[in-house]
There are 2 protein chains.
Amino acid sequence: MSEQAMRAEKLDAADELRGKRDEFVLDDVIYLDGNSLGALPAVVPGRVEDVVRRQWGELRIRSWEESGWWTAPERIGDRIAPLIGAAPGQVVVGDSTSVNVFKALVGAVRLAGQGRDEIVVDATTFPTDGYIAESAARLTGCTLRPVAPADVPAALGDRTAAVLLNHVDYRTGRLHDLPALTAAVHRAGAYVVWDLCHSAGALPVGLDEHGVDLAVGCTYKFLNGGPGSPAYLYVRRELQDRFDSPLPGWNSHAEPFGMRTDYEPASGALRGRVGTPDILSMLALEAALEVWDGVSVAAVRAKSLALTDFFLECVAEYVPEGRVECVTPVAHEERGSQIALRCADAGEVMKRLIEQGVVGDFRAPDVLRFGFTPLYVGFADVERAARVLARTLA
Amino acid sequence: MSEQAMRAEKLDAADELRGKRDEFVLDDVIYLDGNSLGALPAVVPGRVEDVVRRQWGELRIRSWEESGWWTAPERIGDRIAPLIGAAPGQVVVGDSTSVNVFKALVGAVRLAGQGRDEIVVDATTFPTDGYIAESAARLTGCTLRPVAPADVPAALGDRTAAVLLNHVDYRTGRLHDLPALTAAVHRAGAYVVWDLCHSAGALPVGLDEHGVDLAVGCTYKFLNGGPGSPAYLYVRRELQDRFDSPLPGWNSHAEPFGMRTDYEPASGALRGRVGTPDILSMLALEAALEVWDGVSVAAVRAKSLALTDFFLECVAEYVPEGRVECVTPVAHEERGSQIALRCADAGEVMKRLIEQGVVGDFRAPDVLRFGFTPLYVGFADVERAARVLARTLA
């Protein structure tokens, strides 16, 4: 047994989150793609079966009340809230991340009001955020200005209405400084929208603490909600009364069953709802969130950093010099829960890794991306992944 | 046995769709609320279990390709297409009806182009369509004009950009004249968006035949897709190249995994996609659509009219004169697949019907609504429902 393998054994033995792995359906594969699709929590299949067979099949329409379907978006929002540092009543679940970016960004521009007609968007953002920002700008008469996150403070001005930023860069794994950037946006009198897709469930976000205005995120990565599980929208409590959604569906009406022709928005987080929620996906997510019972985000973050540190060490030791270049920052305060390695033949390398039971993913044009989900990835997995990577690259 | 009960027996014996009932999970309840939430098709639970346990749990991320997750929105769209009279390649599944109304209506206004700045909306529409139309008007600089469907032709002019209409009125069950209204909109040089929520799966729609421009609909009523199952968007083939979605998420990009910062829309129906599709709900819907194998919409329509005719007859015979007033048109060409009865104490009456195993629903302020799903409702059910209603009203 190599020195690193022995270290891995000790680290696993001391890992306080170790037992969580048993709450997931896993096999011999080393699954480092939980930042794309989280693994299946063991509680989910039984719950989904109950939703389908009993709630839908037997109770049918009665389940909207009796099985709590109607209130699921805000109830599940409240379950996600503590994971992103939000007090209850500010998060609502539903729709895709893209649709929520649209609600949040148009909402932010409207909050900013007259005289502010510029949307600043992270130039390195996940593409969909940029496309939606362009549409939001077009529909609200704003100019769209793509800016690298580091240059955002200098780009802000008295015409800035809203700023859309990613907490963690999907490609490089770089963690941006949410408190400082939020403060800079506020100093400029603008509103900020954070995309938490790659941070929620992996590290502390602190939405309330840092005075974030709006935030969105998906639930199928570190929150393990299942393929395409619904996204969420956070609207800071003090802004909710002024939040003016561009998608005012009947589910966000103050009296949804009043069937009134005039729209009167509901109070609170559920103003972010739109149409009928997709119950199967939503209740699978609710079950999946149970794995977070008793888990502190601080512990998850500590393990995440330990895992990624250890992976970098093993890669440095095992992989031939110069074969890969790490594009994820080494500094902890700048690192999410993934490691991205640049590698000329990344597409081919990832294919071969997957064949050998190490699953990460490839992001064009040349990035090997490995996600580390602290709830089910262990240190021995990390060591073995580095070993297989080294062998593949040799 | 009463005369009507004997007639029901004969009608059931002669019903060519009779065997379809066995493909659903049903019990002794007379379920006349399939126009709100369709009953569970028996094939669904097993399929969902496979999606959760094997596709997500075992294959995980590989399922996006290997289990056909990525192409589900257009594949399932093609399965719905024949039910609404559309050739393949024009329907895409995803998001809620409200979100699809937004895409379609903003898209229609953009198709109409400069100089046309009025959106006409069915004044009797389901509320969400009206709220979303108001938002679409506001964001595109249009005026919103609510008009009763019968008055739409007279309201059209050279400033009309788009018209949003319901095929069947959710409250009264009135079927509007889709061919004539579509032709009138086209004569005015405008574009029409039809909401098919209460017609798809219950009667022939004929989108292609009648040259409809855009259409949306839910899948959880007569299509039995499950609670909050994803909606669909139809964009007529000749318009697809010019369809300019206000929600251009990465799933509608010509090269979604190219991760390009510039948006280039995909060709065809999938231009209507937005974000990552909710796979659990979507594949439950796909399974649910299998009950349509070998079923002709014409046969469904014939049975639907026979069921509603028979219900009206039984109600006329059993229910004390003047106790209810039918607000659904008697003429076949103006009737959807529901019967709405006005009744002063409708809320209370529906509660008591449900206690007695006859499930319809109450629509404020005074409507008892009964939906007739020809795939699983039989004539004996109808006769018994009318009998229980009469007893309750006596």
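So you know, we letter chains A, B, ... as the sequences are listed, proteins then strands, and number each from 1.
With a threshold of 4.5 angstrom between heavy atoms, B/Arg110 approaches chain A through side-chain atoms but not through N, CA, C or O. Neither the backbone nor the side chain of B/Ala231 comes within contact range of chain A; no heavy atom of the residue lies under 4.5 Å from a heavy atom of that chain. With a 4.5 angstrom heavy-atom cutoff, B/Phe24 does not touch chain A via any of its atoms. A/Pro230 does not touch chain B: none of its heavy atoms, backbone or side chain, sits under 4.5 Å away. Heavy-atom distances place no part of B/Thr97 under 4.5 Å from chain A, backbone and side chain included. Interface residue B/Asp262: only backbone heavy atoms are found under 4.5 Å from chain A. Contact annotation for B/Asn100: neither backbone nor side-chain heavy atoms come within less than 4.5 Å of a heavy atom of chain A.
Between chain A and the options B/Val274, B/Leu280, B/Thr124, B/Ile61, the largest number of non-hydrogen pairs under 4.5 Å is found for B/Ile61. Heavy-atom pairs under 4.5 Å with chain A were tallied for B/Asp95, B/Val106, B/Val25, B/Asp27; the largest tally goes to B/Asp27. Of all the listed residues (B/Gly38, B/Ser135, B/Pro227), the one sharing the greatest number of non-hydrogen pairs under 4.5 Å with chain A is B/Pro227.
With sequence neighbours left out, A/Tyr131 forms a ring-ring contact (aromatic ring centres under 6.0 Å, His included) with B/His253, B/Tyr263.
Within residues 356-370 of chain B, the residues having any heavy atom less than 4.5 Å from a heavy atom of chain A are, in residue-number order, B/Val359, B/Arg363, B/Ala364.
A salt bridge does not link A/Asp33 with B/Arg62: none of the charged nitrogens is closer than 4.0 Å to a carboxylate oxygen.
Paired with B/Pro127 under the rule side-chain contact (heavy atoms from CB on, under 4.5 Å), one option of A/Arg260, A/Met259, A/Glu255 passes, and it is A/Met259.
Nearest heavy atoms, B/Ser96 versus A/Thr276: CB-O, 4.3 Å.
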